[in-house]
Amino acid sequence: MSGVQAAFLSESNGLLDRLESALLHLERSPHALTGLDEAFRAAHTLKGNAAVVDAIEIEWFAHVLESVLDRVRASTLAVSPHVVSTLLACGDHLRFLIGLSALDEPTPDFAQEDRARLIGELVPYLGGEIPPVEADVHPEQHWLISLRFSHDVMQQGMDPSYFLRYLESLGRIVSLRIDDSALPPRTQFEPELCYLRFDVELESPSDKQAIEDVFACVRESCELRIHPPRQRVHSIHAGLRALPDHELRMGEMLVRVGALTADELAGALRVQRVGGEDKARSIGSILVDQGFVPPEVVQAAAVRQAEIRERISRDGQTVKLPLERIDRLVDMLEDLAGGLRGGDQERARAALGLARQLRGVSVEDCFARLERTVRDLAMELGKEVDLTLAGAELYIDRALADALGNAVTHLVRNALDHGIETPGARLLAGKPRRGSLNLTLQATPQGLLLELTDDGRGIDTAALREVGVRRGLIAPGTEPERAVLLEMIFAPGVSTREEVGRYSGRGVGLDAVKEIVQGLGGTLSVDSVPGEGSRFGIALPGHRPLPDGLETPHAGAPLPDIPFPERT
Amino acid sequence: MGVVHLRIGEELDVREVGALAPRLLDAVRAPVDVQLDLSTVRRFDTAGVQLLLLMRREARVAGARLRFVDVSEAVRELLRFYRLESVLEPAS
C-alpha cells in the first residue's frame with residue numbers, strides 16, 4: 001500500500017469516528033446544529049480525500065451522505081432516530097469500503113446490495129419533504145420468518161399450524177402470509193402433500209436459537225429463514241465490536257454474536273464444500289444467498305475482521321518494532337534530559353514523553369467504540385443511557401489496553417442488561433429517565449484503578465442467594481454476609497438472568513471479567529445499593545500509566561477519590 | 001346456471017383430502033354455481049385449507065361461482081389463524 005493510500009485509510013477512519021460521534025451527539029440533541037455541521041464536514045472531507053486517491057465508490061457514497069446531511073441542515077424539522085440510524089449504517093458501510101480498499105479487493109455483491117438498500121432508505125431525505133418522526137410501533141422489532149416445509153410434512157403426521165402456534169407462544173404473530181403460488185395445476189396436485197409456504201412476522205424477545213428450536217423436529221427437511229429484527233441487528237453490530245481481537249473465521253464470529261445458529265453455519269459450510277470447483281465461494285456470500293444472515297451483518301463482520309487483521313499485522317501505517325528498541329530510546333533520552341538544563345532540558349523531556357508514548361495507547365482510543373456499543377445495546381434493550389468517561393487523557397500499555405477494553409465491555413453489557421432499568425421503571429422510581437454509566441480510570445501511587453458505576457436497580461442479593469443455593473455454592477439455610485453474596489456474582493454461570501433481554505449471550509458473564517483481571521494480576525470488587533445502583537472496581541497494582549514526559553500536571557476535572565483496596 | 005350443492009362430512013383433513021379432492025375439484029370445472037356446506041366439519045387442517053385454496057383457484061379459472069354456506073367453527077378458527085378468512089368470501 002502506498003503512503004498516500006495509507007494516509008487516506010487512517011485519516012478516513014478518523015473522519016468516520018468523528019462522523020459517528022457527531023451523529024450520536026445529534027441523536028441526543030436533535031436541535032444541536034453543531035452536531036449536524038460536524039457530521040457534514042466529516043462527510044465532505046471524506047469525499048474530497050476519496051477523490052484524491054481515486055476511490056470512486058467511496059467518493060460517490062460519501063457524496064450521497066453529504067447531500068443528505070446538507071438537506072437535513074437546511075430544513076427546520078428535528079432529526080429523527082431513523083435518519084440517524086440510517087446515517088450510522090451508511091458510516092459503517094463506508095468503513096467497510098475503506099477497509100476493503102486497504103485489502104485491494106473488489107466490492108462483494110452483498111455489499112453492493114446493501115448500498116442499494118441504504119440509498120433506498122435515504123431517498124426520502126434526498127429530495128422533497130423530510131418525513132416526521134415515526135409513531136412508536138416499529139416493524140424494526142419484528143422477526144421475519146419464512147418457512148418452506150418439505151412436501152411430505154403432513155403425511156409425516158405434522159401439520160404446519162402446530163409449528164406456527166408454537167411460534168406464537170414465543171411472542172405475538174404480527175402478520176402471517178400464506179403463499180400458495182406453488183400449488184400445481186389440478187392434474188399434478190397430490191392433496192396430501194404440502195405446497196404452501198408461510199411468511200411470518202413475529203414480535204418476540206427470544207433469540208434466534210429459540211426460534212429455530214421451534215422447528216427442531218423438521219429442521220432437516222424444511223427450509224427455514226429467520227431474519228432478526230432491525231434492532232437486533234444493532235446489537236449484533238455491538239456484539240461484533242466487542243469481540244476480542246483474535247483472528248476468527250466469519251462463520252464463527254457470526255455464531256458468537258448470535259446472528260447465526262450452529263445449524264445454519266453447518267448448512268452453509270456444506271454448500272461451500274459441495275460448490276467445490278476452482279474457487280470456493282466466500283462463506284459470507286453463501287450466508288447472504290441462503291438468507292441466513294442479512295447482508296449488512298455479514299458486512300459488519302467483514303469490517304471487524306478487517307479491523308482485527310489490521311491490528312494484528314499492520315501494513316504501511318505503522319511499523320512493527322521490538323519494544324526493546326523503544327526502551328533503549330527511552331533510556332537514552334532519559335540520560336540526555338538528565339544532563340541538560342533550561343529550554344534544552346524541556347525539549348529533551350518532551351521527546352522523552354513522546355518516546356514513552358510509543359509504547360502506549362491513550363485511554364480515549366481504548367474506549368473509543370464504547371459509546372457506540374452503549375448506544376446500540378441500549379436501543380436494543382429499550383433503555384436510555386448516558387456514558388461518561390474520566391481519565392481519557394491517560395496513556396497505558398498496549399496489552400493492558402486490550403485486556404481492559406474487553407473487561408469493560410463485558411461490565412458495560414452487564415450493567416445495561418441487569419442494572420439500568422427501562423425509562424418507565426426509572427420514572428416510577430423517581431429517577432431521571434436516562435440512566436448513567438460512569439467509567440473512571442485513575443492512576444494512584446499503588447497502581448491503576450478503574451471503576452464503572454451505574455445508577456440502576458442495584459444487585460438483587462436475595463436472588464443471588466437463591467442461585468447460590470441452587471448451584472451448591474451456598475449451604476441451604478445459611479445467611480452469608482452481603483459481601484460474600486456480592487462476590488458470588490463473579491462465579492461462572494451465576495449472573496441472575498432475567499427472562500427478557502438475554503443479550504449477554506452464551507457463556508459471556510462476569511466470570512470472564514474476573515479471568516481477565518486476574519490475568520493482569522489485579523482484583524475485582526463490587527458493591528451495590530438496592531434501588532440506587534452498583535459499582536464495579538478493577539484494581540491493578542503495579543500498573544502505571546505511561547507519563548507524557550511533561551512537568552505540568554494533567555489538565556481536566558479532578559477525579560473522585562477511589563480508595564485503593566487493601567487485600568490482593 | 002345450475003346450482004350444485006356439496007356437503008362435506010366431519011373430516012376435511014390430510015386423511016380425507018385424497019378421497020375428497022377429485023369430487024370437489026370436478027365440481028368447479030364448469031361455469032356453475034357451487035355451494036359448499038362446511039357446517040359439520042369437525043376435523044380441519046392445513047391439507048383442508050390447501051384444498052379449499054385450490055378449489056377457489058380452479059373455480060376462478062373455469063368461471064364457476066364458489067360459495068361457502070354455513071361454515072363450522074373448526075374451519076373458521078383455522079382460517080382465522082391463517083389470516084385467510086377472505087377465502088370464505090364468494091369467489092367470482
Side-chain angles (χ1 to χ4, degrees), chain A residues 139 142 144-203 214-215 217-218 221-224, chain B residues 6 8-9 11-32 34 36 41-64 66 73-89 91:
Chain A
H142 303 157
L144 295 174
I145 301 160
S146 108
L147 290 159
R148 243 180 247 194
F149 294 95
S150 68
H151 282 308
D152 63 355
V153 63
M154 301 189 298
Q155 288 175 319
Q156 303 255 340
M158 295 180 285
D159 193 271
S161 61
Y162 302 161
F163 299 100
L164 293 170
R165 291 194 205 269
Y166 188 170
L167 205 57
E168 198 168 41
S169 72
L170 292 182
R172 178 174 77 93
I173 292 183
V174 175
S175 77
L176 199 170
R177 197 177 67 87
I178 294 192
D179 176 4
D180 64 356
S181 58
L183 270 177
R186 193 232 149 126
T187 45
Q188 284 150 39
F189 177 63
E190 286 177 65
E192 289 140 23
L193 299 185
C194 182
Y195 303 94
L196 301 177
R197 296 164 189 182
F198 305 82
D199 288 299
V200 183
E201 200 177 328
L202 178 74
E203 185 186 305
V214 166
F215 303 95
C217 50
V218 287
S221 53
C222 80
E223 260 183 58
L224 175 64
Chain B
L6 290 173
I8 310 276
E11 291 165 0
L12 182 52
D13 63 2
V14 65
R15 291 196 292 196
E16 286 303 313
V17 284
L20 290 170
R23 185 157 68 96
L24 291 175
L25 292 172
D26 271 346
V28 292
R29 253 165 88 181
V32 291
V34 179
L36 189 56
V41 175
R42 284 213 266 149
R43 295 237 282 270
F44 184 61
D45 65 4
T46 307
V49 172
Q50 187 170 251
L51 184 53
L52 291 183
L53 287 174
L54 188 60
M55 269 184 87
R56 259 184 120 222
R57 189 181 83 187
E58 297 290 291
R60 195 167 43 235
V61 163
L66 176 62
E73 188 48 40
V75 171
R76 207 174 278 282
E77 198 279 322
L78 185 57
L79 287 176
R80 205 180 305 131
F81 177 73
Y82 275 150
R83 279 71 168 165
L84 280 179
E85 271 172 298
S86 59
V87 161
L88 297 173
E89 315 278 321

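In what follows, every chain begins at residue 1, and chains take the letters A, B, ... in the order their sequences are listed.
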Between the side chains of B:Arg42 and B:Glu73, is the shortest nitrogen-to-carboxylate-oxygen separation below 4.0 Å, so that they form an ion pair?
no
At a 4.5 Å cut-off on heavy atoms, which part of A:Leu196 comes close to chain B: side chain, backbone, both, or neither?
both
Among A:Arg165, A:Glu168, A:Gln155, A:Glu190, which residue forms the greatest number of heavy-atom pairs with chain B at distances under 4.5 Å?
A:Arg165
Under 4.5 Å to a heavy atom of chain B? For A:Leu193 that would be backbone
Decide side chain to side chain contact (heavy atoms under 4.5 Å, CB included) for B:Arg57 and A:Leu183; before the verdict, give the C-alpha distance in whole Å, the side-chain angles of both, and the deciding distance to 0.1 Å.
CA-CA 10 Å; B:Arg57 189 181 83 187; A:Leu183 270 177; 3.5 Å; yes
When heavy-atom pairs shorter than 4.5 Å are enumerated against chain B, which of A:Gly157, A:Pro184, A:Pro185, A:Pro191 gives the highest number?
A:Pro191
For A:Phe198, is the NZ or CZ atom of A:Arg177 found under 6.0 angstrom from the centre of its six-membered ring and inside 45 degrees of the ring axis?
no
Verify the ring-centre separation between A:Tyr166 and A:Phe215: is it less than 6.0 angstrom?
no
Atom CZ in A:Arg186, atom CD in B:Glu58: separation rounded to 0.5 Å?
7.0 Å
Please check: side-chain N/O of A:Asp159 versus main-chain N/O of B:Thr46, any donor-acceptor pairing under 3.5 Å?
yes
With a 4.5 angstrom heavy-atom cut-off, could you sort out which part of B:Gln50 is near chain A: side chain, backbone, both or neither?
both
B:Leu84 versus chain A, heavy atoms under 4.5 Å apart: side chain, backbone, both or neither?
side chain
Ranked by heavy-atom pairs below 4.5 Å to chain A, first place among B:Val61, B:Leu78, B:Leu54, B:Leu51 goes to B:Leu54
Heavy atoms only, distances under 4.5 angstrom: which of B:Leu20, B:Asp13, B:Asp26 has the most pairs with chain A? Name it, please.
B:Asp26
